[in-house]
Amino acid sequence: MEPIFLTGFMGAGKTTIGKALGKRLALTVFDTDELIEAALAKSIKDIFAEEGEPAFRRYETCVLKKVTWDNVIVTTGGGIVINEVNRKWMKEHGTIVYLHCSPEEVFRRLAKDTERPLIQGKNLDKMSALFKQRQPLYEEADYVLDTNGKSVGAVVEKIAEQMINEEPCRLY
């Protein structure tokens, strides 16, 4: 099975869904943010503070290209789609699943999160603006799944069903 890339805005459930999907399909799961943190021995928040977002985005691309093997699930950071190179890489090397979650739901889920640098001090309007900016990029995915109000199990089963029963059709 080709790699499955889970994309979506922060708080959409990529890491949680990825881990559960990995168990369901007996696949190894890689989280790009966790790999970056481990490689640099510092948090994403510290990377943003010390090196800036452009450096972090370069690390994302590097890590993405290193974990693209068959029979893996790759959970990505919410901004990985900003870089066209990343979107093309994922499209050419696997199946992209966009986990959609409304800005209101994300705001509710992340209300007490202090580790995400792009939402620090932001209100719902600012977060919604960032979401709307990225949404067209997320929607380039092979599959779009709405996670609003759905259990982890329901989302995992829907993805598993698609991956097992129906390979995505691509036009070359």
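One is the number of the first residue; the rest follow in order along the sequence.
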For the pair Phe131 and Phe9, name the ring-plane relationship: parallel under 30°, tilted 30 to 60°, perpendicular over 60°.
-> perpendicular
Starting at OG of Ser128, measure out to CD of Gln135 and round the result to the nearest 0.5 Å.
-> 10.5 Å
Atom pair CD1/CD of Ile159 and Gln162 - distance to nearest 0.5 Å | 9.5 Å
Could you check if a side-chain atom of Ile4 sits within less than 4.5 angstrom of a side-chain atom of Val97, using non-hydrogen atoms only?
-> yes
Does a side-chain heavy-atom distance below 4.5 Å link Asn86 with Val81?
-> no
Under the salt bridge (charged side-chain N to carboxylate O under 4.0 Å, His left out) test, which residues partner Glu51, sequence neighbours left out?
-> Lys42
Tell me, with the steps shown, if Leu21 and Leu27 meet side-chain contact (heavy atoms from CB on, under 4.5 Å).
-> CA-CA 8 Å; Leu21 183 62; Leu27 298 176; over 6 Å; no
Carefully, step by step, assess Lys91 and Glu140 under the rule salt bridge (charged side-chain N to carboxylate O under 4.0 Å, His left out).
-> CA-CA 9 Å; Lys91 201 63 133 157; Glu140 292 178 14; over 6 Å; no
Side-chain H-bond candidate by donor/acceptor type, Asp142 with Thr95, under 3.5 Å = no
Applying the 4.5 Å side-chain criterion to the ILVMFWY set and letting contacts propagate, would Val85 and Ile80 be lumped into a single cluster?
-> no
Given Arg58, Lys65, Lys66, the one that forms side-chain contact (heavy atoms from CB on, under 4.5 Å) with Cys62 | Lys66
Donor-acceptor contact below 3.5 Å, side chain Lys14 vs main chain Leu99 = no
Applying side chain to side chain contact (heavy atoms under 4.5 Å, CB included), name anything that partners Ala49, two or more places apart in sequence or on another chain.
-> none
Going by heavy atoms in the side chains, are Ile73 and Lys19 under 4.5 Å from each other?
-> no
Answer yes or no: is there an ion pair linking Lys88 with Glu92, defined by an N-O contact shorter than 4.0 Å?
-> no
Quick one: CD1 on Ile47 to CZ on Arg57, what's the gap to the nearest 0.5 Å?
-> 11.0 Å
Could you check if a side-chain atom of His100 sits within less than 4.5 angstrom of a side-chain atom of Asn148, using non-hydrogen atoms only?
-> yes
Is any side-chain heavy atom of Tyr59 less than 4.5 Å from a side-chain heavy atom of Glu37?
-> no
Do Asp33 and Phe56 come close enough that some side-chain heavy atom pair is under 4.5 Å?
-> yes
Heavy-atom distance under 4.5 Å between the side chains of Leu145 and Ile17, does that happen here?
-> no
Indicate if Leu64 and Ile82 have the same hydrophobic cluster label, given that clusters are the connected sets of ILVMFWY residues with side-chain heavy-atom separations under 4.5 angstrom.
-> no
Sort and list the pairs that fulfil side-chain hydrogen bond (donor to acceptor under 3.5 Å, both in side chains) and have at least one residue in residues 20-31, not counting sequence neighbours.
-> Thr15-Asp31, Arg24-Glu157, Asp31-Thr75
Side chain proximity check, Asn83 to Trp89, heavy atoms < 4.5 angstrom | no
